[in-house]
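Counting convention: from 1, in listed order, for ligands and their atoms alike. These values consider heavy atoms only, across backbone and side chains, with no hydrogens, waters or symmetry-generated copies.
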Amino acid sequence: MIHKRTQAKWEEPLILNKGGAGRRAYIPESVNLPKETIPDEWIRKSPLELPQVSELELVRHVVRLSQMIHGVDVGPYPLGSCTMKYNPKINERIARFPGFADMHPQAPEQSIQGTLEVFFWLQETLKKLTGFDAVTIQPPGGASGEFTGVLVIKAYHEARNDTKRDTIIIPDSAHGTNPASAAMAGFKVIEIPSTEDGYVDLEALKSVLTENIAGFMITNPNTLGLFEPNIQEICKMVHDVGGLNYLDGANFNGIVGVIKPAKMGFDVMHMNLHKTFTGPHGGGGPGSGPVAVSEKLRKYLPVPIAAKKDQTFYWDFSNKKTSIGKVHGYNGNFGIALRALLYILRNGGPGLRKTCETAVLNANYLLHHVRQINGLTIPKGKNVPCKHEFVASASKLLKETGVSTNDIAKAMLDYGVHSPTVYFPLIIKEALMIEPTESESKQSLDLIADVFKEITKLAYSDPDSVKNSPHLTSTGRLDEVTLAKKPVLSQLIEKKDIFS
Ligand SMILES: Cc1ncc(COP(=O)(O)O)c(C=O)c1O
């Protein structure tokens, strides 16, 4: 059942425009620094213009700000390709244990045995789940994992003096980071089209397979949420001309626990730990994009790798001479690695399989409802089940009512549901990429479906209402072009008398 937001719009003044002279939170005496520790020339001559607010004013300000934004803890967040699943709070608690949180990156190995153990066991569990032989946890996100993996492919060919291999093939449904990573590593990119059904066009692939091919990069399940039925044949075709197969495993959550990617014929893959195995997504990171490789690529992985001898854990630099080098200031985003390991261990193998199956079931339940909505269509994968996500198009709705995908996305905020990913993948016009994740209950899924139904119905009866939405959020429709081209990152503060 839909509960439209009823909360009135409110504006929250800047904290600098709140409070009054002399107001402050309680500060225990012991916190006052002894004056003599600060050299005279560093002591301020004029007071610092900090907000002067009471503790209650501060708490209310921060709590209100937190309510003005949408998050997974507030309502459904079916943002395709982002896997906005629930992050168990126990992970956050454990990540804050002083032994983990206060660890110094330069601490000697014997004093960080626990940290090394976490890295080591994460490597081991990822090896098991992917079927590969070696793993690095270093890359701090998916795109960085891709870049690492492509550099590993390059190092492999160079070590064999196979330097004519200067091209990577990528399907047109790929995430934009794939061609970007390949180009950054110095490769030319050939894009191949997808078939009507959304799969790799085998004829198109065949036509570009030459002895110049260094590798083939594919996302599977792909960005349409479809599992590539010909994947083994595709990997064999690429191997037959001497190329390597790269799996963009950002969508690993659609197959984890069910298939081991190494068995499909891949040589290297990255995973987005922050997606498949939970991890906070806020503010663009931090993430973690471990790379797993087959035995023949092990020696090119970044150094060091966490290793174990007898009962002692250590950083292994033994492949230093052949390694592509380091791709992270430390040896990986430890906090995310820890959360991922906790999630994996708490679920166990059968549990992970269940999360995957539930994510797929949830996506298909929603797909079933969306297929029946007037104005929305499913252009690719028309008659097949999806994996963890699917892509709808609002082209028909736009044509018949003038209401676009962007308008639907904005209107959803009035119902307390975050919008799906929009206008991606690029091969679908007016795309709505929907990924409910395994976290959502049937009631939540029904809510998301009802919101789509209600907005599309409104589009036919009162299109302007949808086009001018959102109506109930703190900020209405923004001028997104100006916002992107001329961002204003500070605001002139109207000074009140609080500093006088
Ligand atoms: C298919 C795919 N590949 C690569 C990436 C890049 O990952 P990241 O954003 O962690 O760099 C994403 C991001 O969601 C993705 O969905």
Side-chain angles (χ1 to χ4, degrees), residues 72 77-85 87 126 136-151 168 170-185 189 191 194 198 200 215-228 231 245-256 261 266 268-292 327-328 332-333 335-337 339-340 359 363 380 386-391 418-428 431-437:
V72 174
Y77 208 135
L79 198 63
S81 206
C82 289
T83 319
M84 303 300 288
K85 63 170 80 173
N87 300 321
L126 294 181
T136 171
I137 312 289
Q138 265 189 43
S144 152
E146 290 167 29
F147 184 53
T148 305
V150 174
L151 286 180
I168 301 254
I170 303 177
D172 61 359
S173 59
H175 199 264
T177 47
N178 288 192
S181 301
M184 270 178 70
V189 172
E191 183 183 277
S194 306
V200 170
F216 175 66
M217 278 180 105
I218 184 174
T219 310
N220 194 25
N222 67 19
T223 56
L224 297 160
L226 300 173
F227 187 84
E228 182 59 57
I231 194 63
N245 292 299
Y246 182 98
L247 173 65
D248 175 334
N251 292 341
F252 195 31
N253 53 310
I255 51 173
V256 67
F266 289 102
V268 48
M269 79 176 278
H270 86 264
M271 288 148 272
N272 289 39
L273 293 191
H274 47 289
K275 290 172 57 172
T276 302
F277 305 114
T278 75
H281 282 36
S288 181
V291 171
V327 295
H328 190 264
N333 277 338
I336 301 300
R339 287 171 175 87
K380 303 261 182 190
C386 61
K387 286 281 170 279
H388 60 295
E389 64 190 355
F390 63 94
V391 182
H418 196 278
S419 134
T421 295
V422 293
Y423 300 104
F424 177 74
L426 302 177
I427 53 173
I428 303 288
L432 287 151
M433 187 190 213
I434 303 165
E435 181 180 9
T437 81

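L151 places none of its side-chain heavy atoms less than 4.5 Å from the side chain of S181. Residues V150 and M217 are in side-chain contact: their nearest non-hydrogen atoms beyond the backbone lie under 4.5 Å apart. Counting only heavy atoms from C-beta outward, the side chains of V327 and F147 never approach each other to under 4.5 Å.
Considering only residues two or more places apart in sequence or on other chains, N222 meets the side chain to side chain contact (heavy atoms under 4.5 Å, CB included) condition with S173, L224, L226.
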Which atom pairs, nitrogen or oxygen on both sides, join ligand 1 and the protein at under 3.5 angstrom?
residue  : atom   : partner : partner atom : Å
ligand 1 : 3 (N)  : D248    : OD1          : 3.3
ligand 1 : 3 (N)  : D248    : OD2          : 2.6
ligand 1 : 7 (O)  : N272    : ND2          : 3.0
ligand 1 : 10 (O) : G142    : N            : 2.7
ligand 1 : 10 (O) : N272    : ND2          : 3.2
ligand 1 : 10 (O) : H274    : NE2          : 3.0
ligand 1 : 11 (O) : G142    : N            : 3.3
ligand 1 : 11 (O) : A143    : N            : 2.8
ligand 1 : 14 (O) : S81     : O            : 2.9
ligand 1 : 14 (O) : K275    : NZ           : 3.4
ligand 1 : 16 (O) : S81     : O            : 3.3
ligand 1 : 16 (O) : S81     : OG           : 2.4
ligand 1 : 16 (O) : K275    : NZ           : 3.1

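Remark: the T83 side chain and the E435 side chain contain an N/O donor-acceptor pair separated by less than 3.5 Å.
Ring planes of Y246 and H270: tilted class, angle from 30 to 60°.
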